[in-house]
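Notes follow once the structure below has been shown.
Per chain, numbering begins at 1; letters A, B, ... match sequence-line order.
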2 protein chains.
Amino acid sequence: MSEPSASTLDAFDRAILAILQEDNTTPQRVIGEKVNLSAPAVQRRIRRMEKDGVITANVAVVEPAALGHPITIFVEIELVSETAKDIDAAKRAFLAAPEVQQCYYVTGEVDFMLVVLVPSMAAYEALTRRLFFADANIRKFRTFVAMDRVKTGLTVPAG
Amino acid sequence: MSEPSASTLDAFDRAILAILQEDNTTPQRVIGEKVNLSAPAVQRRIRRMEKDGVITANVAVVEPAALGHPITIFVEIELVSETAKDIDAAKRAFLAAPEVQQCYYVTGEVDFMLVVLVPSMAAYEALTRRLFFADANIRKFRTFVAMDRVKTGLTVPAG
DNA sequence: ATGATTATGAAACAAACTTGCAAGGCTGGC
DNA sequence: GCCAGCCTTGCAAGTTTGTTTCATAATCAT
């Protein structure tokens with residue numbers, strides 16, 4: 001249906017993606033020089049990958065502290081009930097919270113992994129009350145405050 | 001020194017950042033219409049925020065499966081020794097691994113949180129041998145395989 | 001008040017993106 | 001082995017976007 005065509009990416013595509021994942025403001029002409037292709041060829045490949053869902057977004061990366069959210073926190077969530085209905089409800093709740101930057105539903109001893117951005121520990125405490133304690137289906141959660149964001153990003157190995 | 005000037009961002013800046021975090025290919029003219037500013041004014045604000053380190057990168061977001069890395073894994077790492085020297089060594093090892101998409105040094109019962117992308121569980125098993133078992137300073141690690149990437153991104157609340 | 005600093009918009013300019021078109025290369029059928 | 005159809009490419013023209021210039025307006029500190 002709306003499934004991205006599983007067109008195999010060739011070496012050109014991967015080289016282009018490697019560049020765009022570093023800096024998507026790189027002019028097509030420069031990309032073309034690096035991968036030995038003309039600018040229009042580069043442009044058509046980028047357009048195709050966007051249409052096929054290979055490239056899902058083009059975004060600016062912002063320093064959280066600059067926007068007043070200097071604290072990054074990992075949260076492990078354990079649910080009481082794991083019926084499809086209850087899991088979906090949890091997903092929707094996390095999706096709706098702007099402070100939840102990332103959310104993954106995982107296997108193993110916990111059910112969800114969250115990455116949360118907050119202005120202060122007080123704000124996090126308020127978030128836990130609103131998002132976790134208020135939800136009867138959350139059995140428990142564990143908090144890990146990030147002291148160093150050693151490596152961030154969404155880069156996928158293109159080699 | 002090279003510290004980003006802590007210039008307070010006004011409402012214009014935050015509105016621009018909200019747009020750029022969604023789509024940084026939005027023309028400056030369109031941004032200007034949305035925030036009630038001329039294109040050059042928008043352009044200068046973006047430049048300033050890039051220079052000040054508020055905007056740290058402009059990147060394309062790529063679907064991991066398209067590049068042959070369909071499996072996302074969370075890893076909790078517990079070290080043996082937590083001297084500054086040993087922690088730095090661990091950071092450098094994780095930084096150097098392309099499969100490690102994100103790495104955070106955290107407080108609490110574990111020391112590091114990793115987000116890892118791999119082509120297969122066999123590839124992950126190989127990674128654990130190379131990166132974890134081969135390192136005598138890693139006491140233990142816990143693996144959580146992502147079944148659903150509910151919410152991904154690097155968006156920071158700009159409201 | 002007043003002068004310095006900074007930010008702004010209009011217009012001119014430069015650069016990048018986009019499209020049309022003809023040529024080259026690969027694939028499959030015969 | 002040959003040919004036809006399809007796909008991708010590069011070039012060139014046209015369009016959009018980004019960038020600089022410059023004069024003016026707003027802000028701030030004195």
Options D/dT9, C/dC17, D/dG10, nucleotide nearest the side-chain atoms of A/Arg45
D/dT9
Looking at A/Arg29, does any N or O in its side chain come under 4.0 Å of the phosphate oxygens OP1/OP2 on C/dT18?
no
Return the value, rounded to whole Å, for the distance between atom CZ of B/Phe12 and atom P of D/dA26.
14 Å
Phosphate OP1/OP2 of D/dG18: any B/Gln43 side-chain N/O under 4.0 Å:
no
Does A/Gln28 put a side-chain nitrogen or oxygen below 4.0 Å from OP1 or OP2 of C/dT18?
yes
Out of D/dT17, C/dG9, D/dT9, which has the shortest distance to the side chain of B/Leu37?
C/dG9
Can you tell me the distance, in whole Å, between the CG atom of B/Leu20 and the P atom of D/dG18?
10 Å
For A/Ile46 and D/dT9, give me the distance from atom CD1 to atom P, rounded to whole Å.
12 Å
State yes or no: are the ring centers of A/Phe144 and B/Tyr105 separated by less than 6.0 Å?
no
Side chains of A/Asn58 and B/Asp23, donor plus acceptor under 3.5 Å
no
Output, in order, the C-alpha distance, side-chain angles, deciding distance and verdict of side chain to side chain contact (heavy atoms under 4.5 Å, CB included) for B/Ile46 and B/Val42.
CA-CA 6 Å; B/Ile46 293 174; B/Val42 171; 3.8 Å; yes
Which of the following nucleotides, D/dT19, D/dT9, C/dG9, is nearest to the side chain of B/Arg44?
C/dG9
Quick one: A/Arg48 CZ to D/dT8 P, roughly how many Å, whole number?
7 Å
Could you tell me how far apart B/Arg47 (CZ) and D/dT21 (P) are, to the nearest whole angstrom?
11 Å
How many Å lie between CG on B/Leu9 and C1' on C/dA7, as a whole number?
16 Å
Ignoring the backbone of B/Ser38, work out which of D/dG10, C/dG9, D/dT20 is nearest its side chain.
C/dG9
So A/Pro40, base contact, sugar-phosphate only, or nothing? Heavy-atom distance under 4.0 Å.
base
Please report, rounded to the nearest Å, how far the C1' atom of D/dG10 is from the CD1 atom of A/Ile31.
17 Å
Angle class for the A/Tyr104/B/Phe74 ring planes (parallel below 30°, perpendicular above 60°, tilted otherwise)?
perpendicular
Could you check how far CD of A/Glu33 sits from C1' of D/dG10, rounded to whole Å?
15 Å
The single option from A/Arg47, A/Arg44, A/Arg45 passing salt bridge (charged side-chain N to carboxylate O under 4.0 Å, His left out) against A/Asp13:
A/Arg45
